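Note sheet for the following structure.
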Protein chains: 4
Amino acid sequence: MARTVGSNGARTAKAIREAGVHLIYKHGYEAMSLRQLAAEVGLQSGSLYKYFENKQSLLFDIVRDHMEDLITRAEAAMDGVEGPIARLKAYVDFHLRYHMTRSAHVFIANMEIRSLEAPHRATVVEMRRRYEGMLEQALREGAAAGLFRVPEPKVATYAIISMLTGICMWYRSDGRLSQDALVALYTDLVLEGVSRPEGVAMPDVVAALPSPAGRRRARA
Amino acid sequence: MARTVGSNGARTAKAIREAGVHLIYKHGYEAMSLRQLAAEVGLQSGSLYKYFENKQSLLFDIVRDHMEDLITRAEAAMDGVEGPIARLKAYVDFHLRYHMTRSAHVFIANMEIRSLEAPHRATVVEMRRRYEGMLEQALREGAAAGLFRVPEPKVATYAIISMLTGICMWYRSDGRLSQDALVALYTDLVLEGVSRPEGVAMPDVVAALPSPAGRRRARA
Amino acid sequence: MARTVGSNGARTAKAIREAGVHLIYKHGYEAMSLRQLAAEVGLQSGSLYKYFENKQSLLFDIVRDHMEDLITRAEAAMDGVEGPIARLKAYVDFHLRYHMTRSAHVFIANMEIRSLEAPHRATVVEMRRRYEGMLEQALREGAAAGLFRVPEPKVATYAIISMLTGICMWYRSDGRLSQDALVALYTDLVLEGVSRPEGVAMPDVVAALPSPAGRRRARA
Amino acid sequence: MARTVGSNGARTAKAIREAGVHLIYKHGYEAMSLRQLAAEVGLQSGSLYKYFENKQSLLFDIVRDHMEDLITRAEAAMDGVEGPIARLKAYVDFHLRYHMTRSAHVFIANMEIRSLEAPHRATVVEMRRRYEGMLEQALREGAAAGLFRVPEPKVATYAIISMLTGICMWYRSDGRLSQDALVALYTDLVLEGVSRPEGVAMPDVVAALPSPAGRRRARA
DNA sequence: AATGAATGAGCATTCATTCAT
DNA sequence: TATGAATGAATGCTCATTCAT
């Protein structure tokens, strides 16, 4: 019998990718078996190797492509936005909407870094740093302009990103609150959190922080 | 040979638990093998079964005990603290210090919930809800007292806890910033984020939120 | 190496089944290991799982298929045979020849019922009941016709079947006695055992038996 | 703490033996674990080795003791009984009652011979031969005296013993039929099966049997 | 007489992967 | 493009057995 009309490699490749995302999201990379994946797309497990080199590279492909997409879209969202406050708002808005829309990919990229082999992990970590850097930059500029109260931009970056990313652990598109409402709520939390209020001094312990200058290690 | 001189059940049990935490933290529950664990404590893998029923219950024991410890200590930390602001500060302080001190346990409890079988997972999720409830309660009281600007206490709870918990992803005890400094930084972010500033109105979209009253589903 | 030249699924499946019968017959189901079985057919033990779901289902497949074969052939052997005496003879003849020819299968079906998990066991027990029912029916009809002296057809059924089945414990095809001779000997024992002799009364204790009517439990 | 009053080795030994019989009967020798056995008598599994050398010798002890008991009692039951018919009746009577009373032991001795290592098995097989020999002897004498129609006493022996032994597969002491009734039924089957009826010739095929004289192999 | 800690071999089963067809 | 047969290593787990205490 000839092949089914329209049954072609590209379609299968896409089906594998989607089933892979779904299964890794649901069971975790280690717990997902290639037999399951093959069954999901109606193949024998050996046939998957036409579409990827091995299980590890399936994961890497998924995570790398996701990170590229994330960065590309973030840059597009921030493109042309002027001023630290507007840029911070744009970042928060983008990050939240992206995480609500593509929660499975995001979840995988956050949870399965551990399952990536060292070189792959390094690549992904570097991409994540670039993405986080966009937020850090906005915070630094806002602080320099006297708009934000962020003595430690790196810490604030981690804090804000953790807070925003957490949304993909519980957000459901059929929930009571709309995406717009949630964006408004989080934006408010973030903006108030970092904005300089009139006449409020930094706590002493922060004022006495050692200077970050000259340190070598990437993380505080 | 039967028994190493000086071998001792309680000591072995403790060693297994610690090695288990370490290996699950490092490789993930699925990726850790009991042979690895046994090797770490100098046993044959079959001998581990004197100390737990199976791999799953090792994980559950670790997570459950951690959650019990977390809740007990949180309650102790909040005990006698009066007023929403003070209570919020106490919660943030406790949460951060605990997460900086026991980051492996915390990491496991957050990451490996997925690896728990349904009934175990239900138990842990319930415990987590109780722990989160302490924060939510403080936020609600603060809002009711007109101190906090939190139209959606549940969302704010998730947001704050995500932000704080994120610290265990990067904190190193030998880092540049002390625990005190980090606590001060995060406390500032949280407090400013939720405090009611003079004459600042809610964003329109939040003001127009549907009332949470009467909804049945647990999550927003 | 992937595939031995000329290897063939159907052939392997048959080889596994036969080796399985042989090993279970020789060592017992519990004592047979799948490594042994795999070695017998020249495979790695994991490869067996292409051919059965698990060890238990290998046993069940063997026993079920045997029972189906037994019943089908018994019905064929009895088909068209008229009259209780002729039917009893046909049953004895069939049963003996079958048990002499396929003693390994028969042995397994009798000995390893205990090793079947409950639902499988129930299925097999039900099939056995059907097979035994054919003999019981012949005995009942002969008794009703005044030809047989069987006050308790169920007991007589068990007795006769036990007697006949015992042959597979010692029969060897290269023994001194031919199948025909053995069939003649057993037929004689059975026929004389149940036939009504002239003027011979039942022993008193049997005459005084409680009526089986109305009892619920299947077995005497 | 001192030992419990009356807790002594002999009592424990007996408990182990009984639990062993029970568990082997229920699960089979291979499937029974010494942990189960130990738990049944309230010991640690290592402690069992004060009472037997190893698992195999527990089985052998059980089977050997049972066979000794069987033979001793059979000899006592036949002692002083005169004449082939009376002796045959006495054997049948004894065998049935013994098998109804001690069905677990009997079952084990029949089913687990396969699990005995070669030398142990040889011992048990020899004992069984002695026990069967008592029946064979009675049949031979009855045939020689012209009372029985048994051209092949060995075959008849196997047939009768199989038939009688089968009772322990289904007999329940709370069944509808009493032991006396069952003994009467089986005795009747056996006696009629082997007794010489007036003017009934042997079937041709049996009349033409090769003489058993001079053969070496133990089984027909 | 019994414990309890441990061994080391073995088990059924699953896995990612290979490759001739 | 896909199959299906197979590998070989690994996994979680159970077992009979040992022996210092």
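Given the structure is predicted, the values throughout are model-derived calculations rather than measurements. Quick note on labels: first sequence line is chain A, next is B, and so on, each numbered from 1.
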Can you check each nucleotide of nucleotides 11-16 of chain E against protein heavy atoms at under 4.0 Å and return B for base, S for sugar-phosphate only, - for none, in 5' to 3' order?
BBBBBB
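- Summarising the geometry, atom CG belonging to B:Leu37 is positioned 12.0 Å from atom OH belonging to B:Tyr51; distances are rounded to the nearest 0.5 Å.
- B:Glu126 CD: more than 12 foreign heavy atoms inside a 6.0 Å radius.
- For the strand DNA chain F, secondary-structure stems (runs of at least three Watson-Crick or G-U pairs, all distances below 3.5 Å) span E:2-21 with F:2-21.
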Could you walk me through whether B:Leu70 and B:Met127 pass the side-chain contact (heavy atoms from CB on, under 4.5 Å) check?
CA-CA 10 Å; B:Leu70 176 72; B:Met127 294 173 98; over 6 Å; no
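- Put simply, NZ on D:Lys50 is 15 Å from C1' on E:dG4, counting in whole angstrom units.
- When all heavy atoms of A:Ile24 and B:Arg114 are compared, the closest pair comes out as O-NH1, 3.7 Å.
- Here the OG atom belonging to D:Ser115 is positioned 13.0 Å from the NE2 atom belonging to D:His120, to the nearest 0.5 angstrom.
- Note on C:Leu48: nothing from the nucleic acid sits closer than 4.0 angstrom, heavy atoms only.
- At the phosphate of F:dA2, neither OP1 nor OP2 sits under 4.0 Å from any side-chain N or O atom of A:Gln44.
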Between A:Arg102 and A:Asp69, is a side-chain contact (heavy atoms from CB on, under 4.5 Å) present by the stated rule, with each step listed?
CA-CA 11 Å; A:Arg102 321 240 313 165; A:Asp69 184 60; 3.8 Å; yes
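- Residue B:Glu117 contributes atom CD, which lies 13 Å from atom C1' of F:dG12 at whole-angstrom precision.
- B:Asn110 places a side-chain N or O within 3.5 Å of a backbone atom of B:Val106 that can act as its donor or acceptor partner.
- Whole-Å rounding puts the A:Tyr51 OH to E:dT17 P distance at 17 Å.
- Taking atom CG of B:Asn8 as the reference point, atom C1' of E:dG4 lies 11 Å away to the nearest angstrom.
- When only modelled atom types and interatomic distance are considered, B:Gln44 and B:Ser47 share no side-chain donor-acceptor pair under 3.5 Å.
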